[in-house]
Visitor: 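Once you've had a glance at the structure underneath, I'll fire off some questions.
Because the structure is a prediction, the values reported are computed rather than measured. Chain naming here is simple, since letters A, B, ... match the order of the sequence lines and numbering starts at 1 in each.
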Amino acid sequence: MLEVTQLTKTYGRGASAVQAVGNLTFRVAPGEFVCIVGQSGCGKTTLLKCLSGLIPPTSGTAVLQGQVIDRPPDKLALVFQEYSRSLLPWMTVRANVTLPLRSKGIDSARREDLAEEALTAVGLSGFFDRYPWQLSGGMQQRVAIARALAYQPEILLMDEPFASVDAQTRADLEDLVLRLRDEFDVTVLFVTHDIDEAIYLSDRVIVLTPPPTRVREVVDVNLPRPRDQIETKGLPAFTRLRAHVFELIKREPAGSAGDEVLSDQHAT
Amino acid sequence: MTTAVGAGPALGADDHGGQRVWWLPWLTVLGVLASLEALSRSGAIPQDHLPAVTTVLTALGAELRNPTFWLRVWETVQAWGLGLAVAVVAGIPLGLAIGSNRLAYRIVRVLIEFVRPIPPVAVLPLAVLLFGTGVEMKVYLVAFAAFFPLLFQALYGVQDVDPVARDTARAYGLGPAGCFVWVTVPSALPYVATGLRLSAAIALIVTIATEIVVGSSGLGYAINEVRYASDIALMYGIILVTGVLGLAIAIVFRQLERRLLHWHASQRQGMAA
């Protein structure tokens, strides 16, 4: 489905260059739910921008279903953390959801159908003609998710989508995404800094090192599905996985990686 | 920051505006008018400097039945409207174009920064030489004055597109044209609306000033006419009319802005921009 090979991204040139993504290699299988975790500033957002074709990688490739990603792929949809900035305030909820479908050349009746289906699926059937700013934060993020689903992607990229909603809403949205993933049969790549969230949602967790970013370890999450906020998080296996991932993130950069960090800092 | 605004209370937030004392500002107006009347009638200020309010209104009332007066009003409104229209048609697209192209902006920046501070009145004699004293000359000057606020507001507006909104549109496959129409232009709209409001006011000032200096038509010329006739009361009356015209323009454009930008944070919270 998605193959990332030796991907690096460096901003700027020469002495002032900042290496945002060191060297990343991983793959996501069809139908998988994969979470990427790492400390803040480890280049997660840069990685997603490369994967969504918004910026070119400095070296290496990302391949989606056999196609090298060199511009925004139409089989890929994106959900940002900043829902209030990612939704357009001058458009109704319905228009926000249908807008991306124009670029796919879908006719207007079909656009309406797709939008209504997606909005109903996220539980916003009564809010088609509201404006995003008339809705709560959680509802706005639901609109953004509906927009992504209506786009009929094969893969859904989510960039810390629930980092700015309250805890209860967050739990609801996590369960919503798990349900929608089955309903719409979509592969999900989910970036978060929340270890509990990563383990609760995913089939596999990719743990990144601090910059220059590499894959520290890929952790398989073999917790039973369907997941449940109380039951799953109460399992001993969940606790073990959480401790393991936590250690991976906290661990000091070992050997050569540490030296690179230091030499980078001296260089700047 | 933006998140906080977007997530704020929205539904029914405008339920309790300050509508209870709508008559309070009008009371002030009435009070001032009454004081002026008293000052004039009592002789505290000589009548030929400040005629009584009632005298002014009587003179103006008589003038309102004069077709020539309405011709003057029309001449002013016409020059104002045409000049503003030229500025809109030239300034907004040019601002949008220059603003969305970094190279274009760098090429013309010095030029427009140099031309902008020239007061329109300084160009007046040139305009008279080129266009005579007719309506073309007025339109030229008004357009010159109204052009720059529109140009700069459109230019700044285009440059202030939220990067997240732009990334979203691009990630969802909207090409440069799609991004421009659906994201860039609406983002710039609040800026353009402010530019329009500023330009409309400036255009009226320049129209009247031109008519006074190179008088051949319009309300500015009417003011000159009553000056030669030493009709102080009517002069106050016509000055009042120019004020009413300015107020009407301000109200129309404010309403237009409210209609067009009902989705914008400044309008949502019922605040003046």
Visitor: Taking atom CH2 of B:Trp182 and atom CG of A:Leu99, what is their separation to the nearest 0.5 Å?
Guide: 6.5 Å
Visitor: Please report the shortest heavy-atom distance between B:Trp263 and A:Pro89, naming the atom on each side.
Guide: CB-O, 3.2 Å
Visitor: Do B:Thr168 and A:Arg147 come within less than 4.5 Å of each other through their side chains, counting heavy atoms only?
Guide: yes
Visitor: Taking side chain as C-beta onward, heavy atoms only, is B:Pro163 less than 4.5 Å from A:Arg85?
Guide: yes
Visitor: Might you point out which heavy atoms bring A:Ala144 and B:Tyr172 nearest each other, and give the distance in Å?
Guide: O-OH, 4.4 Å
Visitor: Of all the heavy-atom pairs spanning B:Ala171 and A:Leu54, show the shortest one and how long it is.
Guide: N-CD2, 3.7 Å
Visitor: To the nearest 0.5 Å, tell me how far B:Asp167 CG sits from A:Ser52 OG.
Guide: 7.5 Å
Visitor: Please report the closest heavy-atom contact between A:Tyr131 and B:His262, naming both atoms and the distance.
Guide: OH-CE1, 3.0 Å
Visitor: Select one option (side chain, backbone, both, neither) describing which atoms of A:Met139 are under 4.5 Å from chain B's heavy atoms.
Guide: neither
Visitor: In this structure, are over 12 heavy atoms from other groups packed under 6.0 Å from A:Asp129 atom CG?
Guide: yes
Visitor: For A:Lys44, I'd like to know if atom NZ has over 12 heavy atoms of other residues, nucleotides or ligands within 6.0 Å.
Guide: yes
Visitor: Can you see which heavy atom on A:Trp90 is nearest to which on B:Ser187, and at what distance?
Guide: CH2-OG, 3.3 Å
Visitor: Please round to the nearest 0.5 Å and tell me the distance separating atom CD1 of A:Ile55 and atom CZ of B:Arg170.
Guide: 9.5 Å
Visitor: For A:Arg179, look at atom CZ and say whether over 12 heavy atoms of other residues, nucleotides or ligands are found less than 6.0 Å away.
Guide: yes
Visitor: Give, as side chain, backbone, both or neither, the part of A:Lys104 having an atom under 4.5 angstrom from any heavy atom of chain B.
Guide: neither
Visitor: Give a yes or no on whether A:Gln67 atom CD has more than 12 heavy-atom contacts from other residues, nucleotides or ligands under 6.0 Å away.
Guide: no
Visitor: Are more than 12 heavy atoms from other residues, nucleotides or ligands located less than 6.0 Å from atom NZ of A:Lys75?
Guide: no
Visitor: As an exercise: rank A:Pro100, A:Pro73, A:Ala95 by heavy-atom pairs under 4.5 Å with chain B and give me the winner.
Guide: A:Pro100
